[in-house]
Amino acid sequence: GTISSSGLLTAPTSVGSLNVTATSASVSATKQVNVVADALDRAVLPQPVIVVVGQQVQLNAVGYDQYDNVVSLSGYAYQVSHGSVTTTGLFTAPTSVEHVSVSLTGAGLPMGLSVTGDVYAVADAVAFAQIIPVVFSLDNHETAQFSVIDVVDQYGNAVNLTVNENGEVVNVPVVVSWAVNGSGGIDYIGSITSSGLFTATNAGFGAFTASVTVDGTTKYATKYLTVNDVDAPVITLQSPADGSALNPDASINYGLSDD
């Protein structure tokens, strides 16, 4: 800091203690002066805050004056755009995926002060998946292509996206594997490929399952199917009798049967 000859002290822009000494001839006196932070100018969340929907996390914003000195946030209350928060910053995330804005209110902040930084409510673990199309029966030897949709958490949020520690939105791999069931009182009715192409090979009532794994959590979706017993028809010669001679314009009759 600086001081004039008349004793007018201009404090430095950083907080701390300084000594002011006045001297007259051989006499001097020293006074310690404590320099404190100016009024709150801004507040910052030091790093992105990432919380699972419906869960809680403590917000710890840091306040600064116009000279970048730390200012206590005691006496100021937190507010959020989504979810809820206590006055001291205990944040409860909403049940939907959101990018949440944070602000402070209090004395000297009649309009509220926006807190710089990011708060993200991200999806919970996978809880549900659905197999499409909606098919209840196939004929034997018929094929059908199946896939998985609506891979969501307990609140219906898609789980294939999240936010990393740098605040970047990233994809989360959704791994699907397929298997045909053939136990527990149901029939083994066919086969299914890794891409979900099902081939009916045996008549009966059976099922197949899609195992859906996202970020280490696996959920199962099961499709039940009836495979109809449809055999190829048998073609038999009805007339003329086997071995009979045919005239050039003779007619030949064939019959169809299921046996």
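Since the structure is predicted, the reported quantities are computational estimates derived from the model, not experimental observations. Each residue takes its place number in the sequence, starting with 1.
Ring centers of Tyr78 and Phe91: at least 6.0 Å apart, outside the cut-off.
Inter-residue side-chain proximity for Thr209 and Asn181 is flagged as met; some heavy-atom pair is nearer than 4.5 Å. Counting heavy atoms from C-beta on, the side chains of Leu73 and Leu104 come closer than 4.5 Å. Counting heavy atoms from C-beta outward, Tyr67 and Ser14 have side chains that stay 4.5 Å or more apart. In this structure, Tyr64 and Val70 have side chains that are in contact, with non-hydrogen atoms separated by less than 4.5 Å. Val80 has its side chain out of reach of Val119: every pair of non-hydrogen atoms, C-beta onward, lies at least 4.5 Å apart. Side-chain contact check for Val175 versus Val212: every heavy-atom pair is 4.5 Å or farther apart. Using a 4.5 Å heavy-atom cutoff, the side chains of Val51 and Gln56 are not in contact. Between Phe146 and Phe208 there is a side-chain heavy-atom pair separated by less than 4.5 Å.
Annotation: Glu165, atom CD; neighbour count of heavy atoms from other residues, nucleotides and ligands within 6.0 Å does not exceed 12. Taking a 6.0 Å sphere around CD of Gln47, one finds it holds 12 or fewer heavy atoms contributed by other residues, nucleotides or ligands.
Considering CD of Gln32 and CG of Asn19, their distance stands at 5.5 Å, rounded to 0.5 Å. With rounding to the nearest 0.5 angstrom, the CG atom of Asp187 is 8.5 Å from the CG atom of Asn202. Considering CD1 of Ile192 and CD of Gln145, their distance stands at 8.0 Å, rounded to 0.5 Å. Taken from CG in Leu138 to OG1 in Thr201, the straight-line distance is 11.0 Å, to the nearest 0.5 Å. For the atom pair Asn228 CG and His141 NE2, the distance stands at 12.0 Å (nearest 0.5 Å).
Put simply, Val102 and Leu113 are part of the same group of oily side chains (I, L, V, M, F, W, Y) that touch within less than 4.5 Å, one to the next. The hydrophobic clustering, which links ILVMFWY residues whose side-chain heavy atoms are closer than 4.5 Å, places Val163 and Val159 apart. Hydrophobic clustering (side-chain heavy atoms under 4.5 Å, transitive across Ile, Leu, Val, Met, Phe, Trp, Tyr) keeps Val44 apart from Leu59.
Under a 3.5 Å cut-off, the side chain of Lys223 and the backbone N or O of Pro133 do form a donor-acceptor pair. Looking at Asp153, its side chain does come within 3.5 Å of a backbone N or O of Tyr155 through a donor-acceptor pair. A donor-acceptor pair under 3.5 Å is formed between the side chain of Asn69 and the backbone N or O of Thr13.
Checked for salt-bridge contact, Arg42 and Asp68 meet the test: a charged N lies under 4.0 Å from a carboxylate O.
Looking at Thr199 and Ser191, their side chains never bring a donor and an acceptor atom within 3.5 Å of each other. Side-chain polar atoms of Gln154 and Asp124 form a donor-acceptor pair below 3.5 angstrom. Side chain to side chain, Ser211 and Thr218 fail the donor-acceptor criterion of an N or O pair below 3.5 Å. Judged purely by distance below 3.5 Å, without hydrogens or angles, the side chains of Ser28 and Thr23 never pair a donor atom with an acceptor atom. Checked by atom type, the side-chain pair Asn34/Ser17 shows a donor-acceptor distance below 3.5 Å. With no hydrogens or angles considered, a side-chain donor-acceptor pair links Thr86 and Thr88 at under 3.5 Å.
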